[in-house]
Protein chains: 2
Amino acid sequence: MPRAATSSDVFNAVAEHQRRAILDFLAGDERPVNDLVNALGLAQPSVSKHLRVLRDVGLVRARRDGRQILYRTNASAIRPLYEWAGTFERFWGQQLRRIKERAESSHRPAREGGDRPHKPEKHKH
Amino acid sequence: MPRAATSSDVFNAVAEHQRRAILDFLAGDERPVNDLVNALGLAQPSVSKHLRVLRDVGLVRARRDGRQILYRTNASAIRPLYEWAGTFERFWGQQLRRIKERAESSHRPAREGGDRPHKPEKHKH
DNA sequence: TAATCATATTCCTATATCGGAATCTGTCAA
DNA sequence: TTGACAGATTCCGATATAGGAATATGATTA
C-alpha cells in the first residue's frame, strides 16, 4: 500500500510545503493563479495542480472572474487540524516541567523518590 | 519529484492516519510497543516502522525498560503544527460571517458565484 | 474570425511509501 | 547455555506522487 492520496484529507493535503505556502498566501482575500505563480516562483502548471488538490479537500474556494479564476483559502477547513493538535496542548506544560525537573536533578547526583512513581531507571547488567 | 519523505518534517509524519492514532494513544504516559499493537490492531512491524518515523521527527521519545521499550508522545513537537493552523484562526469568524451574508442575500437575485468556478451565462455577441 | 491571455489537464518518470512475511537483535528466565 | 519474549530491520511490490514539457480549454479582445 502506498501513501494515502494527497487529496484524501486535509492532513495529507497540507503535508506539502508549497501547498501550505499557497494557503498562507490565499488567506484573507482572493487572488488569481498568476499572483501565486509570481509570489511563489513556481511553474504555472505546478500551482494549478496544487490548487486542484487543495480544492478537492475543501481548503480553497474558487470563483471565475472573466479570464482569471480567483482562489481563496477556506480557513474553516483547517480547523480539524487545529483542533487535533490542540488536544495535546495540556501536555506541553506538563512535559516542559518534566524536562526541567530532569535538568535540575542532573546537578545533584543524589537520587530521591519523586512524587510520581515512575518505572525503574534504565539499568544495564 | 516524489512526495517529501514522511520523516522529513512533522507535517509529513502526521499526515498518516495510523501515526496520529499512535500519537493519541501515547499522549499522557508511556507505553510499550505491544500495547499499541493490541490497541490499534496493527501488525507489530508496522507499528515499529511508524514509531521509527515518529521518532525521527521528534514526535515520540523512547526509553528501554527491560525487555520492552516504552514510547511516549513528545507533545511539544506538535506545536509548530498547532501554531501554523492557528494563524488562520482569525479568518474563521470572518468566513462564517461571509457565508451568512450570502445565505441572507439568496432571497434576492444575488450576483457573485458560488464556491466553484461555474460557467457564466453565455455572453451576448 | 483569429489572436491572445489565464488556467487546467495530460503524459512522463524517479522515488518514497505502506503493508506483509521473514529474519535479526537484544533482554530475561531457567 | 537454551528458550522465549519484545522490538527492530530487511526485502518485496503496487501505487500516488511532484515537477517539467507539451497541450488543451475557456474567455476576452481586435
Side-chain angles (χ1 to χ4, degrees), chain A residues 1-9 11-22 26 30-57 60 62-71 119-125, chain B residues 1-9 11-22 26 30-57 60 62-71 113 116-125:
Chain A
M1 223 183 225
R3 227 199 286 202
T6 54
S7 49
S8 60
D9 59 56
F11 288 90
N12 279 282
V14 152
E16 174 67 35
H17 171 66
Q18 304 287 16
R19 280 194 288 266
R20 288 199 299 282
I22 289 176
L26 295 177
E30 49 189 9
R31 303 261 192 193
V33 177
N34 213 25
D35 277 19
L36 281 165
V37 172
N38 293 327
L40 305 182
L42 294 175
Q44 176 267 313
S46 285
V47 172
S48 276
K49 280 183 261 182
H50 283 312
L51 286 171
R52 177 78 156 118
V53 171
L54 293 173
R55 225 181 52 177
D56 283 349
V57 298
V60 300
R63 173 173 81 86
R64 177 140 238 156
D65 176 34
R67 285 187 190 174
Q68 40 193 22
I69 297 180
L70 303 177
Y71 284 86
K119 304 279 176 160
E121 294 291 323
K122 159 185 187 172
H123 59 281
K124 52 196 74 173
H125 283 237
Chain B
M1 226 182 226
R3 229 198 285 199
T6 54
S7 50
S8 60
D9 59 57
F11 287 89
N12 279 281
V14 152
E16 174 67 34
H17 171 66
Q18 304 288 15
R19 281 195 286 266
R20 288 198 301 280
I22 289 177
L26 295 178
E30 49 190 9
R31 304 260 191 195
V33 176
N34 214 24
D35 278 20
L36 280 166
V37 172
N38 293 327
L40 304 183
L42 294 176
Q44 177 267 313
S46 284
V47 172
S48 276
K49 279 182 263 184
H50 283 312
L51 286 170
R52 178 79 156 116
V53 171
L54 292 173
R55 226 182 48 177
D56 284 349
V57 297
V60 300
R63 174 171 79 87
R64 175 140 237 156
D65 175 36
R67 285 185 191 178
Q68 41 193 20
I69 297 180
L70 302 177
Y71 284 86
R116 322 196 97 225
H118 63 293
K119 315 197 177 207
E121 322 73 42
K122 217 50 173 171
H123 64 99
K124 72 282 153 210
H125 205 215

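Every chain is numbered from 1 and lettered A, B, ... according to where its sequence line falls, protein lines coming before strand lines. Because the structure is a prediction, the values reported are computed rather than measured.
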Minimal non-hydrogen separation, [X] against [Y], with atom names:
X	Y	value
B:Gln68	B:Pro32	OE1-CB, 3.5 Å
A:Ser48	A:Val33	OG-CG1, 4.4 Å
A:Ser7	A:Val57	O-CG1, 3.4 Å

Let me know the distance between [atom1] of [X] and [atom2] of [N], rounded to the nearest Å.
X	N	atom1	atom2	result
A:Leu36	C:dT7	CG	C1'	12 Å
B:Asp65	D:dC5	CG	P	18 Å
B:Glu30	D:dA6	CD	P	17 Å
B:Asn12	D:dA16	CG	C1'	14 Å
B:Asp9	C:dA16	CG	C1'	14 Å
B:Arg63	D:dA6	CZ	C1'	15 Å
A:Asp56	D:dT17	CG	P	10 Å
A:Leu54	D:dA18	CG	P	10 Å

Could you list all N or O pairs between the protein and nucleotides 4-6 of chain C that sit under 3.5 Å apart?
unit_1, atom_1, unit_2, atom_2, d
C:dC5, O4', A:Arg67, NH1, 3.1

Inset, instruction - First locate atom CG of B:Leu51, then atom CD1 of B:Ile22, and finally report the distance between them rounded to the nearest 0.5 Å. - result: 5.0 Å
Inset, instruction - Starting from the 5' end of DNA chain C, give me the residue, A:Val47 or A:Met1, whose nearest nucleotide shows up first. - result: A:Val47
Legend entry - Note, B:Arg19 side chain near B:Val53 side chain (heavy atom, < 4.5 Å): yes
Inset, instruction - List the steps, then state whether side-chain hydrogen bond (donor to acceptor under 3.5 Å, both in side chains) holds for B:Asn12 with B:Asp9. - result: CA-CA 6 Å; B:Asn12 279 281; B:Asp9 59 57; 3.1 Å; yes
Among the nucleotides [options], which one has an atom lying closest to any side-chain atom of [X]?
X	options	result
B:Ser48	C:dA8, D:dT9, C:dT17	D:dT9
B:Gln18	C:dT9, C:dG19, C:dA22	C:dG19
A:His50	D:dG19, C:dT17, D:dG7	D:dG19

Legend entry - Short side-chain to backbone donor-acceptor contact, B:Arg20 and B:Ala15, under 3.5 Å: yes
Inset, instruction - Looking at every strand, decide which applies to B:Arg19 at a 4.0 Å heavy-atom threshold: base, sugar-phosphate, or nothing. - result: sugar-phosphate
Inset, instruction - Measure distances between side-chain N and O atoms of B:Gln44 and base N and O atoms of D:dA6, and say whether any donor-acceptor pair falls under 3.5 Å. - result: no
Legend entry - Base C:dG20 paired with B:Lys49 side chain (donor-acceptor, <3.5 Å): yes
Inset, instruction - Please check if atom CZ in B:Arg55 has more than 12 non-hydrogen atoms from other residues, nucleotides or ligands closer than 6.0 Å. - result: no
Inset, instruction - Take A:Arg3 and B:Arg31, find for each the nucleotide of DNA chain D with the closest heavy atom, and name the residue whose nucleotide sits nearer the 5' end. - result: B:Arg31
Legend entry - Contact nearer the 5' end of DNA chain D, comparing B:Arg52 with A:Glu16: B:Arg52
Inset, instruction - Using only side-chain N and O atoms of A:Thr6, determine if any of them is under 4.0 Å from OP1 or OP2 of D:dT17. - result: yes
